[in-house]
Structure formats: structure tokens, C-alpha cells
Amino acid sequence: MLFEFLIQEIEKFNLKENIKENYQLEFEEKRVSLTISGVIIEKQYKLEDGSFLLFSTDNCAFEEQLHLTLISHDLKCIDKIDLGLEYVSGTLDNIQVINNHSIEFDFFPNTRYQIFIKNSGRHLFTNPLSEVHYSKPILSKKYLKIAKLAC
């Protein structure tokens, strides 16, 4: 019997450039009053609880950042993580859904990451010198956790 993951890749979100050189998030071709980082949505997933996970990038060849945004079913931001280093280029590649709560991917050369999606927020102590930057304050609950995997 095959196990079917409840994380499904979708194509419902778009970023449209507007006259102010900003990018407006759209869901099913309707504007959303939510701002996310990045100018290109690389991948997007619908999760088992109806929320969404977006992978977006800045389209900057020499200092690319990956932005992971968790969005609720009613299109509100739940959590954000940025992955990037100054003067280091990255490319999102080899994305693989591992189970209903995690996805693995490559971004920097010879580096694999795993993103964990939690149904209930947890307090995480983070390293401010890491390439992983959590957007929420240190003591707030986080629903996304990223780990670097051994290669």
C-alpha cells in the first residue's frame, strides 16, 4: 500500500510587480494583503491543515536568499525563515517531501536542509550568527524549524 503525503505541491500563489517596483502577492489571481520576502516564488505547497508553505527567492545571483513563509488557510502569515549568507550564492534544488511535517532541499553548494512544520508553535533558541534567520522575536513561538543535515 502506498502512503500518500498530505503535503501537496500547488500553483495558486503568484508575485506580480506593481508600479512602485514592489511585488504584490496574489492567491488564485486575487490580491492578498500579505507581504512576503522575495520576488520569485520557487515552490509552494498546501499542507494537511490547509495552510501553505512558500519558498521564494530574491533573484540576486551573487547573494541569493531563500525565504520560507508559512501562511494560514485564511492567508495570514504564521511564520517566516530566511536562509542566506552575505556574498554567497544559493540555488534551491532537490526538493523532497519527507513526510507530512517536513521537506528536504539543497540551497548552498554541498549543503542539505530539512524544514520542519509544527502544528503548535514552540520556543526555539536560535544562533544569531547562523545562515538561518527567524523573523519572529526570540521568545515568540515558532512553527517552522530548519536543520542543516550532514552530507
Side-chain angles (χ1 to χ4, degrees), residues 7-18 20-27 31-47 49-151:
I7 294 179
Q8 298 174 342
E9 188 171 353
I10 59 169
E11 292 186 14
K12 294 182 180 258
F13 288 91
N14 292 304
L15 285 170
K16 297 283 185 179
E17 191 171 5
N18 65 26
K20 296 179 184 177
E21 295 185 20
N22 293 327
Y23 288 81
Q24 176 69 46
L25 183 65
E26 293 183 348
F27 178 72
R31 286 187 175 190
V32 175
S33 62
L34 173 66
T35 302
I36 68 167
S37 299
V39 298
I40 297 172
I41 296 176
E42 303 284 351
K43 290 285 184 180
Q44 49 189 288
Y45 295 92
K46 185 172 184 178
L47 308 178
D49 65 354
S51 61
F52 305 96
L53 181 64
L54 304 184
F55 290 73
S56 58
T57 58
D58 296 329
N59 195 26
C60 180
F62 300 107
E63 206 170 275
E64 188 69 89
Q65 284 205 5
L66 177 64
H67 310 282
L68 300 123
T69 307
L70 183 62
I71 300 172
S72 67
H73 68 280
D74 57 352
L75 305 177
K76 293 184 170 59
C77 181
I78 299 171
D79 206 354
K80 291 182 188 181
I81 294 178
D82 297 324
L83 179 63
L85 292 167
E86 288 186 29
Y87 311 114
V88 178
S89 182
T91 303
L92 183 63
D93 200 14
N94 298 321
I95 299 177
Q96 180 182 7
V97 174
I98 300 302
N99 56 43
N100 288 329
H101 301 285
S102 68
I103 298 173
E104 287 185 8
F105 61 92
D106 298 336
F107 188 64
F108 297 121
N110 303 315
T111 310
R112 188 133 181 98
Y113 294 92
Q114 187 169 6
I115 182 85
F116 298 93
I117 305 121
K118 305 293 183 185
N119 290 335
S120 58
R122 295 187 177 160
H123 295 285
L124 297 174
F125 294 100
T126 59
N127 178 356
L129 302 177
S130 167
E131 70 269 23
V132 178
H133 307 279
Y134 291 85
S135 66
K136 288 187 164 192
I138 291 174
L139 296 177
S140 65
K141 290 185 176 182
K142 295 169 181 66
Y143 295 82
L144 297 174
K145 178 185 176 189
I146 194 164
K148 188 186 296 188
L149 303 176
C151 290

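All values derive from a computational prediction rather than experimental measurement.
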For [X] versus [Y], what's the shortest heavy-atom pair and its separation?
X    : Y    : answer
Q114 : S102 : NE2-OG, 3.0 Å
V32  : E26  : CG2-C, 4.1 Å
A147 : F116 : CB-CE1, 4.0 Å
S56  : S37  : OG-O, 2.6 Å
F52  : K46  : CE2-CG, 3.9 Å
G84  : Q65  : CA-CG, 4.0 Å

Working to the nearest 0.5 angstrom, can you tell me the gap between [X] [atom1] and [Y] [atom2]?
X    : Y    : atom1 : atom2 : value
L34  : F13  : CG    : CZ    : 8.0 Å
F107 : K148 : CZ    : NZ    : 12.5 Å
I40  : N59  : CD1   : CG    : 3.5 Å
K80  : L68  : NZ    : CG    : 11.5 Å
I146 : L83  : CD1   : CG    : 5.0 Å
I103 : I115 : CD1   : CD1   : 8.0 Å

Exam field: side chain [X] to backbone [Y], donor-acceptor pair closer than 3.5 Å:
X   : Y    : result
D79 : L144 : yes
T69 : L54  : no
N14 : K16  : no
E64 : D58  : yes

Tell me whether the rings of Y113 and F105 are parallel (<30°), tilted (30 to 60°) or perpendicular (>60°). parallel
Could you walk me through whether F27 and I71 satisfy the side chain to side chain contact (heavy atoms under 4.5 Å, CB included) test, starting with their C-alpha distance in whole Å, then the side-chain angles of each, then the deciding distance to 0.1 Å, before giving a yes or no? CA-CA 11 Å; F27 178 72; I71 300 172; over 6 Å; no
Taking atom CD of E9 as the centre, does the number of heavy atoms from other residues, nucleotides or ligands within less than 6.0 Å exceed 12? yes
Is the shortest side-chain heavy-atom distance between D82 and L66 below 4.5 Å? no
With H101, the side chain to side chain contact (heavy atoms under 4.5 Å, CB included) member among I98, V97, N99: N99
Show me the donor-acceptor pairs, under 3.5 Å and distance only, between side chains in residues 87-95 and residues at least two apart or in other chains.
residue, atom, partner, partner atom, Å
S89, OG, A61, O, 2.7
N94, ND2, D106, OD2, 2.6

